[in-house]
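Right, one structure below, let's go through it.
For the numbers below, each heavy atom of this structure counts, side chains included, while hydrogens, waters and symmetry mates do not.
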Amino acid sequence: MARNMIKKRWELQKLFIFLQLLITPFLGMWLISLRDWNTLVSSSVGNCTADVVGMLVLLMLFFSCVKDRNDLSYRTGYFTYLVSINGWALFLDLISWLVDGIPSLRLVNLIGNEIYYILGLMVIMIFWHYLVEVSELEDPRLTHLTKVLNIGAFITLLAIVGNLAGRYYFDVNAEGVYSRQRFYPSSQLYSLLMLICVLFLILKMDLSKKKRRALLTFIVAPFATIVIQMLFYGISVTYIGLLISLIAIYGNVFTEQNRELIEKRVENLQKERVIMLAREEQQRMETELSLAAQIQTHMIPTIFPPFPDRKEFSLYASMTPAREVGGDFFDFFFVDKDHLALVIADVSGKGIPAALYMMVSKTMLKNAAMQGMSPKQILETVNQQLCEGVEEVQMFVTVWIGIIDLSTGKMTAANAGHEYPAICRKNGSFELFKDKHGLVLGAMEGMRYREYEMVFQEGDTLFVYTDGVAEANDPDNHLFGVDNMLKALNKEAGAEVEGLLKNVRDDIEDFAFGAEQFDDITMLAFRLEKLEGEK
């Protein structure tokens with residue numbers, strides 16, 4: 001709304017200038033035709049000449065302001081009001097000198113001088129508001145002072161209008177001659193008071209010396225001209241003094257503000273450009289992360305029960321990434337009809353690089369297993385593949401892999417730097433099985449790994465997990481730990497495999513108490529329900 005109001009003010013100012021351009025030549029020529037130049041004294045000729053020259057300069061100054069205007073702000077509007085009102089004041093001063101001494105135009109002389117006095121009041125008030133906007137001071141006392149000065153200006157305006165009846169400031173006699181009256185000096189008192197207030201405001205503002213000197217000309221020039229006019233009749237230089245001040249302000253303040261504004265706009269445009277590029281980059285990354293998450297989701301089994309026709313075992317797994325994509329993964333697949341492979345792994349790092357490394361590792365592990373290799377051979381083969389030609393990657397993956405013979409319950413497993421599995425015998429409780437660790441995959445070529453065997457009976461349960469379970473933290477950075485994990489498992493050790501994972505997950509959430517998850521949390525539970533040969 002304020003911006004629309006300022007636009008309307010700009011249009012109104014342009015209309016004023018257009019009317020001035022249209023009216024001034026014709027009215028001036030008409031008045032000149034009525035004027036007997038032999039009766040026009042030399043001082044009047046000088047004042048008329050000064051008024052015409054001043055009007056032309058102000059006209060150029062106004063159009064320069066319009067051309068240089070780079071924003072729609074009150075400070076810009078106030079300054080151009082000063083320029084246009086000063087031009088109208090010079091025009092009225094010209095009319096007053098031309099009609100002075102013409103009895104038939106006495107009323108024109110009287111009204112012209114009344115408006116001339118009013119414009120003087122308007123100029124000083126508009127300059128005050130201009131200074132307030134330029135200062136950008138947020139001082140309640142300044143707001144209160146402005147209200148007081150506005151009230152004083154209104155009272156002074158009533159006094160000027162009252163001169164039409166009382167003639168205490170000036171008069172135009174029956175011969176059409178202008179003359180000052182007894183209380184003429186009091187007509188300048190409010191302007192002098194305003195100039196004092198303006199002086200204090202300028203001194204309080206944080207300005208460069210150049211700008212401060214330019215603004216101070218608005219005090220020095222009017223003050224000097226007011227003194228001159230009060231002492232000498234026949235000299236009208238108030239608005240010429242203001243013109244000089246406006247030129248100084250235009251050159252040192254107005255144009256400087258426009259330059260600073262242009263620089264600020266360029267800076268803002270550059271910032272907006274950077275922000276826009278950052279948003280585009282963020283959107284691109286979010287799109288890529290979303291796509292990567294979808295790919296990862298399809299890479300990891302998500303349908304449970306995974307093999308509904310196989311009743312020999314129960315199996316459930318879950319992965320909760322710390323970010324959109326994670327480095328953890330699990331897998332399970334049949335190597336042949338009797339042998340089921342179980343895999344859980346944790347890639348170093350997070351985000352897309354870890355997700356890519358995870359997909360490569362997962363594919364390699366499954367390919368090696370499907371070739372009939374043992375867990376030991378699988379880890380050695382994949383380690384060699386990950387190390388070949390990728391030293392600069394500097395990533396690795398921990399892996400636990402087990403292949404269980406469903407006909408006998410015997411499982412062969414190997415561990416490459418992964419967490420200890422937890423085992424629960426039928427009707428027993430979960431305990432850690434501290435198997436022998438080998439080095440993580442992808443860290444060093446030529447590594448050898450050990451494998452071990454264990455036999456599962458009906459009802460025995462295996463639980464494997466990544467370090468994100470034990471290292472989940474609360475707001476005070478206390479770790480959840482393996483002991484709490486075992487407690488969660490043993491709350492209902494005989495629960496369905498899905499329920500086991502849910503109990504652990506619920507306890508982690510209660511423990512974390514809203515703390516941010518820093519690592520992927522991946523779990524897998526397997527229970528042998530019956531041997532394959534049994535019915």
If you measure from [atom1] on [X] to [atom2] on [Y], what distance do you get to the nearest 0.5 Å?
X    : Y    : atom1 : atom2 : result
L524 : F463 : CG    : CZ    : 8.5 Å
E280 : I275 : CD    : CD1   : 12.5 Å
Q384 : L441 : CD    : CG    : 11.0 Å
T466 : D328 : OG1   : CG    : 4.0 Å
R448 : L439 : CZ    : CG    : 13.0 Å
L342 : L340 : CG    : CG    : 4.5 Å

Which heavy atom in [X] sits nearest to a heavy atom in [Y], and how many Å separate them?
X    : Y    : answer
C197 : L149 : SG-CD2, 4.1 Å
P301 : D331 : CG-OD1, 3.7 Å
A368 : V382 : CB-CG2, 4.3 Å
G428 : A493 : O-CB, 3.7 Å
I508 : V469 : CD1-CG1, 3.9 Å

Report task. Could you tell me which residues satisfy salt bridge (charged side-chain N to carboxylate O under 4.0 Å, His left out) with D460, sequence neighbours excluded, listed by chain and number? Result ->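 R425.
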Requested in this report: Quick one: do H418 and D435 satisfy side-chain hydrogen bond (donor to acceptor under 3.5 Å, both in side chains)? Show the steps, please.
Outcome: CA-CA 10 Å; H418 200 75; D435 55 2; over 6 Å; no
Does the ring center of [X] lie less than 6.0 Å from the ring center of [Y]?
X    : Y    : value
F513 : F511 : no
Y452 : F433 : yes
F313 : F526 : yes

Report task. Hey, can you tell me if F304 and F330 have their rings parallel, tilted or perpendicular (30° and 60° cut-offs)? Result ->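 Taking F330 first and then F304, their aromatic rings sit tilted (interplane angle of 30° to 60°).
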Pair [X] + [Y], salt bridge at N-O below 4.0 Å:
X    : Y    : answer
D405 : K410 : no
E509 : R505 : yes
D507 : K491 : yes

Requested in this report: Tell me, with the steps shown, if K376 and E380 meet salt bridge (charged side-chain N to carboxylate O under 4.0 Å, His left out).
Outcome: CA-CA 6 Å; K376 171 183 179 300; E380 291 173 352; 2.9 Å; yes
Requested in this report: Mark yes or no for whether N490, through its side chain, and F430, through its backbone, hold a donor-acceptor pair below 3.5 Å.
Outcome: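 Yes, N490 side chain to F430 backbone: donor-acceptor pair under 3.5 Å.
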Report task. Give a yes or no on whether the backbone of A525 and the side-chain of Y465 come within a donor-acceptor separation of less than 3.5 Å. Result ->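 Looks like no, no N/O pair under 3.5 Å.
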Could you pull out every donor-acceptor pair under 3.5 Å between side chains of residues 473-489 and any protein atom, sequence neighbours left out?
| unit_1 | atom_1 | unit_2 | atom_2 | d |
| --- | --- | --- | --- | --- |
| D474 | OD1 | D476 | N | 2.9 |
| D474 | OD1 | N477 | N | 2.9 |
| D474 | OD1 | H478 | N | 2.7 |
| D474 | OD2 | H478 | ND1 | 3.3 |
| N484 | ND2 | F480 | O | 2.6 |

Requested in this report: Decide if atom CD of E496 counts as having more than 12 heavy atoms of other residues, nucleotides or ligands within a radius under 6.0 Å.
Outcome: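 Result for CD/E496: open.
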**Report entry** Working for side-chain hydrogen bond (donor to acceptor under 3.5 Å, both in side chains), residues Q517 and T320
**Finding:** CA-CA 9 Å; Q517 180 183 331; T320 306; 5.6 Å; no
Query raised in the report: Under 3.5 Å, is there a donor-acceptor pair between the E529 and S314 side chains?
Result: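 Checked: E529/S314 side chains pair up, N/O donor to acceptor below 3.5 Å.
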